[in-house]
J.: 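What follows is a single structure, and I will ask about it in a moment.
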2 protein chains.
Amino acid sequence: MAEPNGVIGRLLEELTKLPGIGPKSAERIAHFLLAGDRRNAVSLAGALRAVADKVRACRECHNLTDGDVCGVCADPRRDPAVVCVVETPRDVGSFERAGTFRGRYHVLGGRLAPLDGVGPDRLAFAGLVEKARGGVVREVILATSPTLEGDGTALFAANLLAGTGVSVTRLARGLPSGSSLELANAQMLADALAGRRAF
Amino acid sequence: MAEPNGVIGRLLEELTKLPGIGPKSAERIAHFLLAGDRRNAVSLAGALRAVADKVRACRECHNLTDGDVCGVCADPRRDPAVVCVVETPRDVGSFERAGTFRGRYHVLGGRLAPLDGVGPDRLAFAGLVEKARGGVVREVILATSPTLEGDGTALFAANLLAGTGVSVTRLARGLPSGSSLELANAQMLADALAGRRAF
């Protein structure tokens with residue numbers, strides 16, 4: 001590891017572009033890939049080429065897929081009457097790992113952020129309204145992030161959906177399960193109180 | 001992100017093989033690579049193919065290189081009379097970043113670990129002795145890790161080099177610069193005392 005301009009240097013440079021990978025991690029990874037028979041480097045390269053070439057947005061919900069529609073939309077056991085609206089494909093992954101949601105998704109492609117130039121035209125609101133008007137959807141769950149921008153995005157979507165006749169809900173706010181009360185901030189406690197339910 | 005067996009799933013699997021990358025980091029990295037025009041995925045794939053195809057051991061010192069000899073061995077300003085013996089190419093990188101060593105290296109390819117089946121025949125001792133006998137080398141600095149196995153490896157090398165006439169040294173032990181005395185353990189303090197120098 002001495003030539004910063006050689007092929008190893010280029011690999012280190014590419015690795016440090018990745019989120020959460022600093023120079024030290026990049027070097028550890030590079031040495032791992034360079035050890036032994038390099039099968040890992042070759043297969044990682046192949047996996048990268050495959051996603052670069054094949055992955056695109058699902059025609060139905062804008063989730064990422066390497067087919068025409070994603071696995072959720074293609075699955076006949078998933079209820080098309082309940083649509084969970086999320087910001088990114090990554091959020092779909094989070095829900096899928098949690099494993100309790102049996103409806104379908106609609107990926108907006110981000111959240112409204114007027115200061116960063118992300119207006120309604122940049123997000124997939126039109127398709128959502130169209131879907132809600134289609135007659136199949138009964139409920140739209142707005143599952144944007146519990147932040148100012150996420151809430152703004154949900155509010156915007158709720159207004160658009162107001163005339164479509166579908167029921168519009170949003171995720172519960174409260175204490176994060178598994179955490180301790182000491183760690184809850186004022187907003188979490190306020191949400192938890194406001195949303196309290198009979199025991 | 002819903003098809004665990006698709007191309008994204010394969011990328012996640014490859015990413016989690018990397019040291020320090022768990023399922024969450026792999027997902028963050030995958031989404032980073034999938035965002036936008038995928039130029040990063042393509043260029044990382046290219047960099048990986050290049051190292052897998054081109055990187056090999058330097059003929060002189062066993063450091064990693066994409067040429068015939070590594071940058072250090074090819075550099076006429078580096079003193080061939082002083083050879084720093086390290087365990088891995090990664091250690092070469094550490095010394096090069098520190099930037100004070102102006103000699104050359106000899107990479108052993110690991111450390112002696114009889115319990116893991118790493119005996120002297122698995123490491124580049126023969127080349128080291130040959131180099132020491134060549135008439136050019138004046139000093140061999142044993143820069144193995146300050147651990148039991150590293151020390152054992154250094155002792156083994158020192159014994160091999162005993163008859164060659166070169167001066168054999170090892171790295172200083174003491175307090176780690178920038179740390180605090182409170183954090184030093186008994187061995188560090190013992191080393192620091194034993195190695196004390198006139199002020």
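Each chain gets a letter, A, B and so on, in the order its sequence line appears, and its residues count up from 1.
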J.: Counting heavy-atom pairs under 4.5 Å with chain A, which one of B/Gly20, B/Ala52, B/Ser43, B/Ala50 comes out on top?
T.: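 Looking at each of B/Gly20, B/Ala52, B/Ser43, B/Ala50 in turn, B/Ser43 comes out on top.
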J.: If you group Ile, Leu, Val, Met, Phe, Trp and Tyr by side-chain heavy-atom gaps below 4.5 Å, do B/Ile141 and B/Val107 land in one group?
T.: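 Yes, because B/Ile141 and B/Val107 connect within a single hydrophobic cluster, where side-chain heavy atoms sit under 4.5 Å apart.
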J.: So if you build clusters from Ile, Leu, Val, Met, Phe, Trp, Tyr with side-chain heavy-atom gaps below 4.5 Å, do A/Val83 and A/Leu64 land together?
T.: no
J.: Looking only at non-hydrogen atoms, find the nearest pair between B/Ala47 and A/Glu14 and report the distance.
T.: CB-CG, 3.9 Å
J.: Side chain, backbone, both or neither: which part of B/Ser25 has an atom under 4.5 Å from a heavy atom of chain A?
T.: neither
J.: When clusters are formed by joining ILVMFWY residues with side-chain heavy atoms under 4.5 Å apart, either directly or through shared neighbours, do B/Val136 and B/Val140 land in the same one?
T.: no
J.: Find out if a path of hydrophobic residues (ILVMFWY) with successive side-chain heavy-atom gaps under 4.5 Å connects A/Leu155 to A/Leu108.
T.: no
J.: State the CG-CG distance between B/Leu48 and A/Leu34, to the nearest 0.5 angstrom.
T.: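 So the CG of B/Leu48 and the CG of A/Leu34 are separated by 9.5 Å.
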J.: Given the options B/Ala41, B/Ser94, B/Ala74, B/Ala35, which has more heavy-atom pairs under 4.5 Å with chain A than any of the others?
T.: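 Heavy-atom pairs under 4.5 Å are most numerous for B/Ala41.
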J.: Mind checking the CZ-CZ spacing from A/Arg49 to B/Arg49? Nearest 0.5 Å is all I need.
T.: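 Output value for this atom pair is 10.5 Å.
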J.: Determine whether B/Leu18 and A/Leu33 make a side-chain contact, defined as any pair of heavy atoms from C-beta on separated by less than 4.5 Å.
T.: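 Counting from C-beta outward, B/Leu18 and A/Leu33 do come under 4.5 Å.
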J.: Identify the two heavy atoms, one from B/Glu27 and one from A/Gly93, that lie closest to each other, and give their separation to 0.1 Å.
T.: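 Reported closest heavy-atom pair: OE2-CA, 4.5 Å.
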J.: If you count heavy-atom pairs within less than 4.5 Å of chain A, which of B/Val55, B/Asp53, B/Val42 leads?
T.: B/Val55
J.: For each of B/Lys54, B/Arg39, B/Lys17, tally heavy-atom pairs with chain A at distances under 4.5 Å, and name the one with the top tally.
T.: B/Lys17
J.: Where on B/Leu11 is there a heavy atom nearer than 4.5 Å to chain A: the side chain, the backbone, both, or neither?
T.: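 Its backbone and side chain both get close to chain A.
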J.: Has B/Leu148 got more than 12 heavy atoms of other residues, nucleotides or ligands less than 6.0 Å from its CG?
T.: no
J.: Which value, rounded to the nearest 0.5 Å, describes the distance between B/Leu44 atom CG and A/Leu15 atom CG?
T.: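 The distance works out to 5.5 Å.
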J.: For a side chain to side chain contact (heavy atoms under 4.5 Å, CB included) check, start with the C-alpha distance between A/Ile29 and B/Ile21, then their side-chain angles and the critical distance, and finish with the verdict.
T.: CA-CA 9 Å; A/Ile29 291 169; B/Ile21 307 288; 4.1 Å; yes
J.: Checking B/Arg97 against chain A: side chain, backbone, both or neither under 4.5 Å from a heavy atom?
T.: side chain
J.: Counting N and O atoms only, with roles assigned by atom type, does the side chain of B/Asp66 sit under 3.5 Å from a partner on the main chain of A/Val7, one being a donor and the other an acceptor?
T.: yes
J.: I need the A/His31 NE2 to B/Asp91 CG distance, nearest 0.5 Å.
T.: 8.5 Å
J.: Heavy atoms only: give me the nearest B/Arg28-A/Arg90 pair and the separation to one decimal.
T.: CG-NH1, 3.4 Å
J.: Taking A/Leu171 as the starting point, is it possible to reach A/Val86 by hopping between hydrophobic residues whose side chains are less than 4.5 Å apart?
T.: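 The answer is yes; both residues are in one hydrophobic cluster.
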